[in-house]
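So that the names make sense, note that chain A is the first sequence line, chain B the second, and so on, each numbered from 1.
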Amino acid sequence: MKTEAAHYFSRELLNWYLANKRVLPWRMNRDPYRIWVSEVMLQQTRVDTVIPYYERFMDKFPTLTALAEAPEAEVLKCWEGLGYYSRARNLQAGAQEVVSRHNGIVPDHKESVAALRGVGPYTSGAIMSIAFNRPEPAVDGNVMRVLSRYFLLEDDIAKPATRVKIEKLAASLIPEGSAGDFNQALMELGALVCTPKSPGCLTCPVMAHCEGRMAGMEHTLPIKTKAKPPRPETRLAALIVGTGELAGMVLIRQRAETGLLAKMWELPHVLAPQSAESIIKPKGRGRKAAAEDANATATASAGSLQSVHSLQSDILCRTLSEEDGILVRPTGWWGEAEHVFSHIVWDVQVFKAEFGFFTSVDQSPSEAQSPMRAAAPKAAAELVGMLAAEQRSFYELVDGIPAELGETKMLPPNYRWIGVQQMKELAFPNVFLKLLGEYWHAIEQ
DNA sequence: TACCCGTGGAC
DNA sequence: TGTCCAAGGGT
């Protein structure tokens, strides 16, 4: 059953959309492949951000077959900077499924589309309605906000059950024969008028019967529980520069096939142990205050930030040898960068380092020669003490590596030396794109 | 269910 | 500067 208010809502919204819809590159036609790519890119991503990526992507992979047959690395490179990289790999996997299971034609069949990799309830509904005009709901954050306000729904939209409920409502509102336009109208209204912060009720085509607005609740709806704040992590990264024949090159590594930033390239880095992190970032304090603390502590003990950096670079090199089996020696602190994920915040401390062997025995740290040892903050003293013995033998090992072995034979399979040119071929997360960009720029001078 | 997955813009 | 959050899906 459909109430009078619902009829009014659907009609007015649809008319508004037809008169006000934006011109967007994925609205040129109703090619299911083009719709599909746009919907995946638009997941958790703004229209303005997506447009240039979409243009480049469709230019490079104009057809579903082209995408299915492309090297995965090229797809990932095309997605570089857009985030949520599993979307790119799942999209290609989905395209390959269409090739193998549906003769390369996106099926006009709800269950088949929904079964494709990376296609969930929203994307399935979007493809079915926009490309095939099938009366399926496509409920995203916009739709939940618009309908929560219009029908004064106080369900928590962060809960999956709420999306299911709103899907049923949205399905009941689809006007005969206009599923694609109506679903896009709901999202367009949410994006342009019924916005999260300051909804433009005065220009809203359905203001007259909006229950949320009539109750004065347009600013409090929708109800949404707050997300957990991201956990902070200090990452110790190595900018390992080549010497001799490898001068001008940098050592990078590729991440694992699953998980965070899967298959992306990066500077080698390790998680700073809690004990070391707490020296720099006392609990519950901001980074700035923490840095001042570190300064103050270090100054008081006649060491300075240098001592903290020395401790960190020792941990970095030791952990890198343990975890990846590569032997490097730090040559100094290089820089810092922040990287914010949905659930983690990285404070990346970058240390310059050299690979493999060292010719000068004088560079070998010892109790007497390492300023960091003598000057380490009290909190670090214990940790330094524990590490000292291992540390000495570690550097003795590093110093003993012959040059030719160090430079060529001892790279793990996921490690590569690159010059500035390979940056165009390999996909990096933004933080390493930025850091490496700064490095190439610096050595140009 | 509750996490895990990026990034940038707006306020 | 911090906070929210954007056309979500996978596990």
Figure out the CG/P separation between A/Leu82 and B/dG8, and round it to whole Å.
9 Å
Measure CZ/A/Arg89 against P/C/dG9 and give the value in whole Å, please.
16 Å
Most 5' of A/Gly118 and A/Ala191 on DNA chain C, judged by nearest nucleotide:
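Going by which nucleotide is closer to the 5' end, it is A/Ala191.
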Name the residue closer to the 5' end of DNA chain C, choosing between A/Glu39 and A/Leu116 according to the nucleotide with the nearest heavy atom.
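The 5'-side residue here is A/Glu39.
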If we take the [atom1] atom in both [N] and [M], what is their distance in whole Å?
N	M	atom1	result
C/dA6	B/dC5	P	22 Å
C/dT1	B/dG8	C1'	16 Å
B/dT1	C/dG9	C1'	15 Å

Counting heavy atoms from C-beta on, name the nucleotide in [options] closest to the side chain of [X].
X	options	result
A/Thr123	C/dG10, B/dG8, C/dG9	C/dG9
A/Asn90	C/dG10, B/dC5, B/dC3	C/dG10
A/Arg87	C/dT11, B/dG6, C/dG9	B/dG6
A/Asp140	C/dG8, C/dC4, B/dG6	C/dG8
A/Ser342	C/dG10, B/dG8, B/dC5	B/dC5
A/Tyr122	B/dC5, C/dC5, C/dG9	C/dG9
A/Asn430	C/dA6, B/dG8, C/dG9	B/dG8

Mind telling me whether A/Phe432 and A/His269 have parallel, tilted or perpendicular rings, with 30° and 60° as the class edges?
parallel
Given the rule in the side-chain contact (heavy atoms from CB on, under 4.5 Å) test, do A/Phe428 and A/Met264 qualify, once you have shown the distances and angles that lead to the verdict?
CA-CA 5 Å; A/Phe428 294 84; A/Met264 304 284 284; 5.6 Å; no
Non-hydrogen side-chain atoms of A/Leu147 and A/Val143 separated by less than 4.5 Å:
yes
Report yes if some heavy atom in the side chain of A/Ile240 is under 4.5 Å from a heavy atom in the side chain of A/Val250; otherwise report no.
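No, too far: nothing below the 4.5 Å cut-off.
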Result for 5'-nearest mapping on DNA chain B, choosing between A/Lys197 and A/Gly83, is A/Gly83
Hey, which sits more toward the 5' end of DNA chain B by its nearest nucleotide, A/Ala161 or A/His339?
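Closer to the 5' end of DNA chain B: A/Ala161.
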Does a distance-only test, which skips hydrogens and angles, find a donor-acceptor pair under 3.5 Å between the side chain of A/Ser86 and the base of C/dG9?
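Not at all, since no donor on one side and acceptor on the other fall under 3.5 Å apart.
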Working note: A/Arg117 + A/Glu97, criterion salt bridge (charged side-chain N to carboxylate O under 4.0 Å, His left out); need CA distance, chi angles, decisive distance, verdict.
CA-CA 8 Å; A/Arg117 190 97 189 132; A/Glu97 289 170 17; 5.7 Å; no
